[in-house]
A.B. asks: 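Please see the structure below; I have some questions.
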Amino acid sequence: MPDTIRINDVCDFEGREIAIEGWLYNKRTSGKLHFLQVRDGSGTIQCVVFKGDVSPEVFERAADIGQESALRVVGTVRADARSPIGFEIGVGDLEVVHRTVDYPITPKAHGTAFLMDHRHLWLRSSRQHAILRVRSKIVKACRAYCDNNGFVLIDAPIFTPSSCEGSSTLFETDYFDEQAYLTQSGQLYMEAAAMAFGKVYCFGPTFRAEKSKTRRHLTEFWMIEPEVAYMDLAGDMDLAEDFICYVVQQVLETCRPTLEYLQRDLTALERVQKPFPRISYSDAHDLLKKAGCDHTWGDDFGAEDETVLGNAHDRPVIVHRYPAACKAFYMKGDPENSQQALCMDVLAPEGYGEIVGGGQREDDLEVLRRKLAEHGLDEAPFAWYLDLRRYGSVPHAGFGLGIERTVAWICGLPHVRETIPFPRLLQRLYP
RNA sequence: UCCGGCGUAGCUCAGUCGGCAGAGCGAGUGGCUGUUAACCACUAAGUCGUAGGUUCGAGUCCUACCGCCGGAGCCA
């Protein structure tokens, strides 16, 4: 019985008899030949069944199988210049593990709605395969950056008793006799952890019940959120910049052929180098006015505004010191201008918009209590959070990076729905 | 929630001025020893989103509703 190998290792087995276990991606026949395109998750290879090489039963079996039939192929690896990967398999035997009939996703064009309804099968298509492999590498790089720089992974809870963002965007759930919500951010818990470990991060899903129907929004998305004690806004911007450069560099090192398959412009990614331009909110406002945008000082930036700001630079741009009024209660006020918060967003280039939001947190107990009141929030659920300002409060800062927007940007995709295996959208809970 | 677009074969779509329901792909059958989303021939496949209306006659015109897509608003 020959060894079973993975298709991406096939170059090490030239001239040898091997087996592969996979699925039929496509098939062409030509009289006494069947060309089976077989994928096994690691790659795709053409398996050639020649009538003269196999038993009549095997030849008939090969004729009878449909797309996505599960197969065990035994054959000999041979080099062939006509193959895109340089090798093909001359089939000696073929076992049909499962015979598939009428696979819905045929090799021709399909619409988005149909593909999303068949997301569980769409994952097998080469483009989706490529995107999710890049996602996997991006997540690995995010974790590696933190792990290599002294951060401790601290998992934040998913059930939370209170909001840290706007209460209108919370998913409510019944928690025995209490009301609970699905987390919008692990940040408040990371602040507690940063006071215990100094440098921490969490990585997990977050939930926002926003009725947003855009190419940038999911109701369930993944964030990585570092938080560091004794760090100020400047340090936070340095951290975000270093973090993003590392992630992009890792992806360029490990996913270059995959990105090329996705037809990503790699020169745009190669320009992602320190330092990123840093502009204040007020400067960004002036830039928008000069570009002819209708932006009012004090308002947050819209999607179009973010695109204009991003397109004005050839790499991610950091916008800092937004008006305090349009930011969350925990943002520390700028001592030099009480109207501004010590916060920052990183906007990705090429119209991908905000991928990072963060800043320095308010560390004074009385100021924080006042801000809670100003935001109309009840103090009781935040009692534990206020404790952090009673016992060894220090300046601290952090940020959250949205994984899906980062994947969309790095892969050059038009919509975040393809960046996550099973997207949750305003109108989609299945599959 | 608002604005715009689209719902016709399993999929992607065409369907003119209101007059017999169409193509490609996929599926099935047959052919071909080198195909690369193979090709050639033939076959089967339809509640034209739903309900109502106008008309001799509606896929086509009108009204309402449903669903989807895009955008806006919203949104660290």
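The figures here come from the full heavy-atom set of this structure, side chains too, leaving out hydrogens, waters and symmetry mates. Reminder, nothing fancy here: chain letters follow the sequence lines and each chain counts from 1.
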A.B. asks: Given B:C69, B:C25, B:G34, which nucleotide is nearest the side-chain atoms of A:R417?
C.D. replies: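 Side chain of A:R417 sits closest to B:C69.
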
A.B. asks: Classify the nucleic acid contact of A:F399 as base, sugar-phosphate or nothing, counting any heavy atom under 4.0 Å across all strands shown.
C.D. replies: nothing

A.B. asks: Taking the side chain of A:H110 as its heavy atoms from C-beta onward, which of B:U12, B:C74, B:C32 lies nearest to it?
C.D. replies: B:U12

A.B. asks: For a quick check under 3.5 Å, do A:E225 and A:S185 share a side-chain donor-acceptor pair by atom type?
C.D. replies: yes

A.B. asks: When you get a sec, tell me which of B:C69, B:G34, B:C75 is the closest nucleotide to the side chain of A:E210?
C.D. replies: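 The listed nucleotide nearest to A:E210's side chain is B:C75.
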
A.B. asks: Of all the choices, B:C68, B:G70, B:U33, which nucleotide is nearest to the side chain of A:A113 once you look at every atom?
C.D. replies: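 Nearest listed nucleotide: B:C68.
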
A.B. asks: How would you label the contact of A:R361 with the nucleic acid (heavy atoms, under 4.0 Å): base, sugar-phosphate, or nothing?
C.D. replies: nothing

A.B. asks: Answer with yes or no whether the side chains of A:E227 and A:Q187 bring together a donor and an acceptor at under 3.5 Å.
C.D. replies: no

A.B. asks: Hey, does A:H415 reach any base, or is it just sugar-phosphate, or nothing, if we go heavy atoms under 4.0 Å?
C.D. replies: sugar-phosphate

A.B. asks: Any idea which of B:G70, B:A72, B:G34 is nearest the A:A303 side chain?
C.D. replies: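 Nearest to the side-chain atoms of A:A303, counting from C-beta on, is B:A72.
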
A.B. asks: Does B:A51 have a Watson-Crick or wobble partner in any strand here, with both distances under 3.5 angstrom, and which is it?
C.D. replies: B:U63

A.B. asks: Please determine whether any donor N or O and acceptor N or O are separated by less than 3.5 Å between the side chain of A:T106 and the base of B:C25.
C.D. replies: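 Counting by modelled atom types and ignoring angles, no donor-acceptor contact under 3.5 Å is found here.
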
A.B. asks: Which residue in the set A:V317, A:I244, A:L347 passes side-chain contact (heavy atoms from CB on, under 4.5 Å) when paired with A:F276?
C.D. replies: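 So the option named by the test is A:I244.
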
A.B. asks: Should the heavy atoms of other residues, nucleotides or ligands under 6.0 Å from OH of A:Y230 be counted, would the total exceed 12?
C.D. replies: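 Not buried by this count: 12 neighbours or fewer within 6.0 Å.
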
A.B. asks: NA contact type, A:T29, heavy-atom cut-off 4.0 Å: base, sugar-phosphate, or nothing?
C.D. replies: base

A.B. asks: Between B:G46 and B:G30, how far apart are the two P atoms, rounded to whole Å?
C.D. replies: 23 Å

A.B. asks: When rounded to the nearest Å, what value does the distance between C1' atoms of B:G59 and B:G18 take?
C.D. replies: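 One C1' to the other, the span is 10 Å.
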
A.B. asks: Should A:R82 be listed as having a side-chain N or O under 4.0 Å from OP1 or OP2 of B:U33?
C.D. replies: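 The answer is no; no side-chain N or O of A:R82 sits under 4.0 Å from OP1 or OP2.
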
A.B. asks: Describe the nucleic acid contact of A:F35 in one word from base, sugar-phosphate, nothing, applying a heavy-atom distance below 4.0 Å.
C.D. replies: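 Base: the residue A:F35, judged by heavy atoms under 4.0 Å, touches a nucleobase.
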
A.B. asks: I'd like to know if A:Q46 reaches the base of B:U35 with its side chain, counting only an N/O donor and acceptor under 3.5 Å.
C.D. replies: yes

A.B. asks: Regarding A:Y189 and A:T183, is there a side-chain donor-to-acceptor distance under 3.5 Å anywhere?
C.D. replies: no

A.B. asks: Quick one, A:R135 and A:P421 - any side-chain contact, counting heavy atoms below 4.5 Å?
C.D. replies: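 Touching, per the 4.5 Å side-chain cut-off.
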
A.B. asks: Kindly indicate whether the side chain of A:H217 and the base of B:C75 share any N or O donor-acceptor pair separated by less than 3.5 Å?
C.D. replies: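 Check passes, donor-acceptor contact within cut-off.
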
A.B. asks: How far, in whole Å, is B:C40 from B:U35 if one measures between their P atoms?
C.D. replies: 14 Å

A.B. asks: By nearest nucleotide on RNA chain B, pick out whichever of A:T112 and A:E225 is the more 5' one.
C.D. replies: A:T112

A.B. asks: Assign each of A:M116 and A:Q37 to its nearest nucleotide of RNA chain B by heavy atoms, then name whichever residue's nucleotide is nearer the 5' end.
C.D. replies: A:Q37

A.B. asks: Looking at B:G10, which nucleotide sits across from it as a Watson-Crick or G-U wobble partner, both distances under 3.5 angstrom, or is there none?
C.D. replies: B:C25

A.B. asks: Using atom C1' in both nucleotides, what's the gap between B:C32 and B:A41 to the nearest angstrom?
C.D. replies: 12 Å

A.B. asks: Quick one: the side chain of A:E88 and the base of B:G34, do they pair up donor-acceptor inside 3.5 Å?
C.D. replies: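 Indeed there is one.
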
A.B. asks: Pick the C1' atom in B:A45 and in B:A27, then give their distance to the nearest Å.
C.D. replies: 9 Å

A.B. asks: Which nucleotide in the set B:U12, B:G34, B:C25 lies at the smallest distance from any side-chain heavy atom of A:K108?
C.D. replies: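 Of all the options, the side chain of A:K108 is nearest to B:C25.
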
A.B. asks: To the side chain of A:S212, which of B:U33, B:G73, B:G70 is closest?
C.D. replies: B:G73

A.B. asks: Taking A:D364 first and then A:K371, would you say they form a salt bridge - that is, a charged N and a carboxylate O separated by under 4.0 Å?
C.D. replies: no

A.B. asks: Report which part of the nucleic acid A:K51 touches: base, sugar-phosphate, or nothing (heavy-atom distance under 4.0 Å, all strands).
C.D. replies: nothing

A.B. asks: Taking atom C1' in both B:G34 and B:U29, compute the distance separating them and give it to the nearest angstrom.
C.D. replies: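 About 24 Å, rounded to a whole number of Å.
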
A.B. asks: Scan every strand shown for a Watson-Crick or G-U wobble partner of B:G46, both distances under 3.5 Å, and answer none if you come up empty.
C.D. replies: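 Its partner is none (no Watson-Crick or G-U wobble pair with both distances under 3.5 Å).
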
A.B. asks: Counting heavy atoms from C-beta on, name the nucleotide in B:G34, B:C68, B:C75 closest to the side chain of A:R78.
C.D. replies: B:G34

A.B. asks: Sticking with atom P, work out how far B:U50 lies from B:U60, rounded to a whole angstrom.
C.D. replies: 11 Å

A.B. asks: A:T214 has a side chain; which of B:G70, B:U12, B:A72 sits nearest to it?
C.D. replies: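 Among the listed nucleotides, the one closest to the side chain of A:T214 is B:A72.
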
A.B. asks: Please state the C1' separation for the pair B:U47 and B:A9 - nearest whole angstrom.
C.D. replies: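 About 13 Å, rounded to a whole number of Å.
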
A.B. asks: If you look at every strand shown and take non-hydrogen atoms under 4.0 Å, does A:D300 touch a base, only sugar-phosphate, or nothing?
C.D. replies: nothing

A.B. asks: Please name the nucleotide paired to B:A58 by Watson-Crick or G-U wobble geometry with both distances under 3.5 Å, or report none.
C.D. replies: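 Result: none.
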
A.B. asks: Using a strict cut-off of less than 4.0 Å between a Lys/Arg side-chain nitrogen and an Asp/Glu carboxylate oxygen, indicate whether A:D345 and A:K327 qualify as a salt bridge.
C.D. replies: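 A salt bridge is present here (some side-chain N lies under 4.0 Å from a carboxylate O).
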
